[in-house]
Number of protein chains: 2
Amino acid sequence: MKKNELECCESTEVHEELLAQVRENLPQEEKLYDLSELFKVFGDSTRIRILFVLFEAEVCVCDLAAALGMTQSAVSHQLRILKQSKLVKSRREGKSVFYSLADSHVRTIIDQGMEHVEEE
Amino acid sequence: MKKNELECCESTEVHEELLAQVRENLPQEEKLYDLSELFKVFGDSTRIRILFVLFEAEVCVCDLAAALGMTQSAVSHQLRILKQSKLVKSRREGKSVFYSLADSHVRTIIDQGMEHVEEE
DNA sequence: CAAACATATGAATAATAGTTCATATGAAGA
DNA sequence: TCTTCATATGAACTATTATTCATATGTTTG
């Protein structure tokens with residue numbers, strides 16, 4: 001990173017200090033990437049709807065598809081993404097596969113998001 | 001929604017009840033959409049990095065661009081999105097515009113996400 | 001073991017979103 | 001007022017992603 005890039009806002013000196021401090025406290029690039037990837041999973045209304053259904057109960061794929069009015073394939077693709085992010089887990093029972101929430105962070109994150117959305 | 005869609009998993013009866021209950025407790029479609037739109041904002045590493053910089057201090061656009069090694073334009077576009085979602089606010093001081101976090105939900109949501117990502 | 005059922009998955013398509021480039025807006029100073 | 005600096009924004013391009021369709025995998029039952 002070249003120092004020249006910082007030549008902005010005229011008062012270069014002061015900002016250099018600030019930027020140095022900011023960079024120091026910034027998490028590793030990989031962590032930030034993983035974090036954004038996690039939120040990307042929440043950033044789709046189909047997956048959000050799936051999670052809300054799973055708040056209620058452990059549900060099999062075809063019921064999920066029925067509840068959401070979507071094809072089995074579309075739901076299955078999204079379940080795979082949710083599972084890869086460890087937001088849901090699955091359990092096979094005969095021909096069916098039942099999905100449920102993986103841990104409590106899911107609920108907390110969504111609740112906080114809801115609070116933000118519901119403000120004003 | 002046609003009842004025929006629910007003919008799956010053979011034991012239709014039981015699931016009908018479950019699905020009726022699930023549908024009842026599901027938030028309005030609009031709420032779910034807004035929620036996913038909010039998380040979509042968190043689901044980009046550029047915006048996550050911007051938010052982490054703002055955790056440290058109130059920063060002007062060109063310093064943000066410098067800190068992240070991005071063009072002023074790209075940062076400005078993302079700031080607009082963050083502002084529309086009310087995650088950041090801005091304040092003009094002469095030629096510069098300073099950005100800062102809008103409320104505490106931002107921090108809570110990101111912290112919970114971090115916890116999830118950092119597990120195992 | 002063959003047929004039926006539930007789910008998973010690869011490829012293709014369609015829609016969405018981020019960055020770049022050029023330029024517009026808005027403020028400060030000569 | 002004209003120039004310069006900081007930021008904002010529209011359009012084009014590129015990349016990413018969700019859904020569909022066809023089909024594969026895995027399980028139960030006759």
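Just so we're on the same page: letters track the sequence lines, and every chain starts at 1.
Ser45(B) has its side chain out of reach of Leu32(A): every pair of non-hydrogen atoms, C-beta onward, lies at least 4.5 Å apart. With a 4.5 Å cut-off on side-chain heavy atoms, Leu87(B) and Leu101(B) do not count as touching. Side-chain contact check for Arg107(B) versus Asp111(B): some heavy-atom pair is nearer than 4.5 Å.
Within the nucleic acid shown, Ile81(A) comes within 4.0 Å of sugar-phosphate atoms alone, with no base atom in reach, counting heavy atoms only. Counting non-hydrogen atoms under 4.0 angstrom, Ser76(A) reaches a base of the nucleic acid. In this structure, Tyr99(A) reaches the sugar-phosphate backbone alone: every heavy-atom distance under 4.0 Å involves primed, P, OP1 or OP2 atoms, never a base.
Following rounding to the nearest Å, Arg49(B) (CZ) and dG18(C) (P) show an atom-to-atom distance of 14 Å. Remark: P of dA18(D) and CG of Leu82(A) are 10 Å apart, rounded to the nearest angstrom. In this structure, Glu37(B) places its CD atom 12 Å from P of dA18(D), rounding to the nearest Å. Separating the CG atom of Leu79(B) from the C1' atom of dA8(D) is a distance of 10 Å, rounded to the nearest angstrom. What separates CZ of Arg91(A) from C1' of dA6(C) is a distance of 14 Å, to the nearest Å. The distance between atom CZ of Arg80(B) and atom P of dA24(C), rounded to the nearest whole Å, is 18 Å. The interatomic distance linking Tyr33(B) (OH) with dA18(D) (P) rounds to 14 Å, in whole Å. Look at CG on Asp44(B): it is 10 Å from P on dT17(D), rounded to the nearest Å.
Here Lys86(A) does not pair with Glu119(B) in a salt bridge; the nearest charged N to carboxylate O distance is not below 4.0 Å.
The ring pair (Phe, Tyr, Trp, His ring centres under 6.0 Å) pairs that include a residue from residues 91-110 of chain B are His116(A)-His105(B), where partners are two or more places apart or lie in different chains. Note on residues 41-50 of chain B: pairs passing salt bridge (charged side-chain N to carboxylate O under 4.0 Å, His left out), not counting sequence neighbours, are Glu29(A)-Arg49(B).
Comparing the end axes of the helix from dC1(C)-dG30(D) to dA30(C)-dT1(D), each fitted to five base pairs by superposing C1' atoms of four pairs onto the next four, gives an inter-axis angle of 20° (nearest 10 degrees).
Considering only side-chain N and O atoms, Lys95(B) lies nowhere under 4.0 angstrom from the phosphate OP1 or OP2 of dT4(D). Considering only side-chain N and O atoms, Gln78(B) lies under 4.0 angstrom from the phosphate OP1 or OP2 of dT19(C).
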Tabulated below should be each protein N or O lying under 3.5 Å from an N or O of nucleotides 21-25 of chain D; please produce it.
| residue | atom | partner | partner atom | Å |
| --- | --- | --- | --- | --- |
| dC21(D) | N4 | Ser73(A) | OG | 2.7 |

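Remark: the backbone N or O of Tyr33(A) is paired with a side-chain donor or acceptor of Ser36(A) at under 3.5 angstrom.
For Ser90(A), the side chain to side chain donor-acceptor pair (under 3.5 Å) partners at least two apart in sequence or on another chain are Lys83(A). Scanning for salt bridge (charged side-chain N to carboxylate O under 4.0 Å, His left out) contacts around Lys89(A) gives an empty result, with sequence neighbours left out.
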